[in-house]
Amino acid sequence: MQKNYGVKFLSFSGALPSKVVKNTDLEKLFDTSDEWIYTRTGIKQRHVIDKNESGLSLSVDAAKQALNKAKIDPKSIDLIIVCTATPDKLYPSMSCMLQGKIGAVNSACFDLSAACSGFIFGMTVASQFIYTGQYKNILLVGVDIHSRFVDWSERSVAVLFGDGAGAIVMSSCLAKDDELKGFILRSESDSKLDLTLDNDNIYFTDLQDQVKPDFVRMNGKAIYQFALRVVPEIAKELLDKTNMSMEQIDYLVLHQANQRIIDAVAEKLKVGKDKVLSNIEKVGNTSAASIPLAIVDALASNKIKTPSTMLLIGFGAGLTWGAAVIECNILK
Ligand code: ACO
């Protein structure tokens with residue numbers, strides 16, 4: 001495609017709720033053990049929102065940090081995209097509510113739903129507005145609050161998720177300096193509903209007077225196999241497309257669904273552990289926030305060098321999956 005401008009990543013930020021739920025806390029809720037959870041998922045703890053917190057409050061926190069680091073006035077933001085599958089309200093959108101909280105009065109706003117792939121889908125959608133010259137500064141947020149949507153008595157799903165938000169500011173630069181080296185997005189209708197969160201259980205004819213939220217339902221084995229099938233494949237496809245080799249990638253940043261998936265993909269791609277970012281042990285699966293939170297964690301703990309080249313891959317409900325190669329010039 002003809003690019004009039006390039007994309008520059010100005011900042012990465014994240015926000016986590018203050019309440020920490022350890023595996024040992026879950027042992028009190030249902031029949032499980034820290035050992036089972038850790039060996040199957042790599043998770044030791046997750047953060048969950050408390051009564052004074054919400055998806056919006058985490059988004060505001062992450063967005064304000066991202067704007068400060070980028071030294072961008074909220075009024076200079078042209079577009080806000082919030083990627084989420086667990087919005088606080090069906091409407092108004094999270095992005096419109098966020099706009100009001102941060103004073104980004106000149107921005108257009110919309111939410112994007114691609115579950116755990118949301119951040120990659122959002123990044124590539126944002127890039128199109130920058131490439132065409134339509135917008136100069138875009139705030140992208142990935143946020144999910146699965147603690148509201150898991151059945152806390154159902155051990156196979158409840159152990160996996162944590163709440164969190166990640167935010168980045170993307171700006172336009174000269175086309176030759178483009179830091180988004182390439183991307184691929186894919187989707188495949190989940191006809192067997194291996195990963196669902198229903199919102200279709202209320203009917204006029206039932207005259208229900210109470211909204212009954214449903215919970216995340218997952219066929220864990222099917223999702224594991226899906227990830228192992230598509231993630232290595234899209235990685236190779238994107239490297240081919242960008243004329244790069246895995247040796248040129250400094251860090252592999254996968255959606256933090258499960259450490260076993262991360263390890264198995266890294267093995268298939270023959271990528272050493274030192275090149276694979278992971279913070280799932282501390283935060284669980286934070287869905288649309290997981291990729292930015294993994295990068296923020298690695299930057300904050302000086303685990304990675306910058307500038308660096310990163311291969312980011314998201315995968316999740318839909319089914320959806322997507323990959324992007326980016327240059328990361330951010331220091332912290
Ligand atoms: N604690 C203790 N025992 C448990 C737990 C638990 N939390 N959960 C399930 N078990 C039991 C099961 O009941 C079963 O017992 P049984 O043999 O008596 O029937 C046994 O453990 C094995 O259950 P499996 O479902 O076969 O467990 P498995 O080893 O497959 O691990 C897991 C489950 C971790 C979910 C695995 O399928 C997996 O890694 N799936 C990938 C899916 C994933 O990571 N999804 C993340 C969210 S989706 C996304 O982000 C895209």
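With a 6.0 Å cutoff to the six-membered ring centre and a 45° limit on the axis angle, R46 does not count as a cation-pi contact of F161. With Y5 as the aromatic partner, K136 does not meet the cation-pi criteria of under 6.0 angstrom to the ring centre and within 45 degrees of the ring axis.
Considering I43, T39, N23 in turn, N23 is the only one that fulfils the side chain to side chain contact (heavy atoms under 4.5 Å, CB included) rule with D34. Put simply, the residue from D163, T86, D50, V21 that forms a side chain to side chain contact (heavy atoms under 4.5 Å, CB included) with S147 is D163. Checking Q45, E27, K44 one by one against K22, the side chain to side chain contact (heavy atoms under 4.5 Å, CB included) holds for a single residue, Q45.
A donor-acceptor pair shorter than 3.5 Å can be found between the side chains of N137 and S171. D144 and S287 are linked by a side-chain donor-acceptor pair at a separation below 3.5 angstrom, with hydrogens and angles left out of the test. Counting only N and O atoms by type, the side chains of T309 and Q248 include no donor and acceptor under 3.5 Å apart. For the residue pair T41 and N258, no side-chain donor N or O sits within less than 3.5 Å of a side-chain acceptor on the partner.
Atom NZ of K71 has 12 or fewer heavy atoms from other residues, nucleotides or ligands within 6.0 Å.
Between the S54 side chain and the L56 main chain, a donor and an acceptor come within less than 3.5 Å of each other. Side chain of Q256 to backbone of N279: a donor-acceptor contact under 3.5 angstrom is found. S290 places no side-chain N or O within 3.5 Å of a backbone atom of N285 that could act as its donor or acceptor partner. With K275 contributing its side chain and I249 its backbone, the two residues share a donor-acceptor pair below 3.5 Å. In this structure, the side chain of S107 does not engage the main chain of L79 through any donor-acceptor pair within 3.5 Å. No donor-acceptor pair closer than 3.5 Å links the side chain of Q134 to the backbone N or O of Q128. Looking at E154, its side chain never comes within 3.5 Å of a backbone N or O of W152 through a donor-acceptor pair.
Considering every non-hydrogen atom in both E327 and K181, the closest pair reads CG-CE, 3.3 Å. When all heavy atoms are compared, the tightest approach of A85 to A115 is CB-CA, 4.0 Å. Considering all non-hydrogen atoms of both residues, I262 and S278 come closest at CD1-OG, 4.3 Å. Across all non-hydrogen atoms, the minimal contact from E281 to Y38 is OE1-OH, 3.5 Å. When all heavy atoms are compared, the tightest approach of A288 to F119 is O-CB, 3.5 Å. Looking at every heavy atom in both residues, G322 comes nearest to I234 through CA-CD1, 3.8 Å.
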Item checked: Intermediate values then yes/no, salt bridge (Lys or Arg N to Asp or Glu O under 4.0 Å), K303 and D297 -> CA-CA 8 Å; K303 274 193 231 154; D297 177 71; 3.1 Å; yes

Next item on the list: Check step by step if side chain to side chain contact (heavy atoms under 4.5 Å, CB included) holds for K305 and Y251.
Entry: CA-CA 10 Å; K305 66 172 175 85; Y251 303 107; 3.4 Å; yes

Next item on the list: Step by step, work out the side-chain hydrogen bond (donor to acceptor under 3.5 Å, both in side chains) result for S93 and S95.
Entry: CA-CA 5 Å; S93 64; S95 48; 3.1 Å; yes

Next item on the list: Determine, step by step, whether E179 and I326 satisfy the side chain to side chain contact (heavy atoms under 4.5 Å, CB included) criterion, reporting the C-alpha distance in whole Å, the side-chain angles of both residues, the deciding distance to 0.1 Å, and the verdict.
Entry: CA-CA 5 Å; E179 293 180 349; I326 67 165; 5.7 Å; no

Margin query: Go through it in stages, so that I can follow the logic: the residues are D31 and R155, the test is salt bridge (Lys or Arg N to Asp or Glu O under 4.0 Å), and I'd like the CA-CA distance, side-chain angles, deciding distance and then a yes or no.
Written below: CA-CA 7 Å; D31 182 15; R155 62 184 183 173; 3.7 Å; yes

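Residue I168 holds its CD1 atom at 10.0 Å from OG of S13, rounded to the nearest 0.5 Å. Taken from NZ in K268 to CZ in R229, the straight-line distance is 10.5 Å, to the nearest 0.5 Å. Separating the CG atom in L238 from the CD1 atom in I184 is a distance of 4.5 Å, to the nearest 0.5 Å. The OH atom of Y131 sits 11.5 Å away from the CG atom of N4 when rounded to the nearest 0.5 Å. Here I138 contributes atom CD1 and S172 contributes atom OG; the two are 9.0 Å apart, rounded to the nearest 0.5 Å. Expressed to the nearest 0.5 Å, how far CD1 of I77 lies from CD1 of I102 amounts to 7.0 Å.
Between E237 and R186, at least one side-chain nitrogen of the basic residue sits less than 4.0 Å from a carboxylate oxygen of the acidic one, meeting the salt-bridge criterion. Using a cut-off of 4.0 Å between Lys/Arg side-chain N and Asp/Glu carboxylate O, D178 and K8 are scored as not salt-bridged.
Hydrophobic clustering of Ile, Leu, Val, Met, Phe, Trp and Tyr side chains at less than 4.5 Å, counting indirect connections, unites V169 with V143. No single ILVMFWY cluster, assembled from side-chain heavy atoms under 4.5 Å apart, contains both F12 and V60. Linking Ile, Leu, Val, Met, Phe, Trp and Tyr residues whenever their side-chain heavy atoms come within less than 4.5 Å places F30 and L160 in a single cluster.
Ring centroid separation for the pair F226 and W321 comes in under the 6.0 Å cut-off.
Ring-plane geometry between H146 and F149 is classed as perpendicular, the angle between the planes exceeding 60 degrees on a 0 to 90 degree scale with a lower cut at 30. Ring orientation note: the planes of F110 and F129 are tilted relative to one another, at an angle of 30° to 60°.
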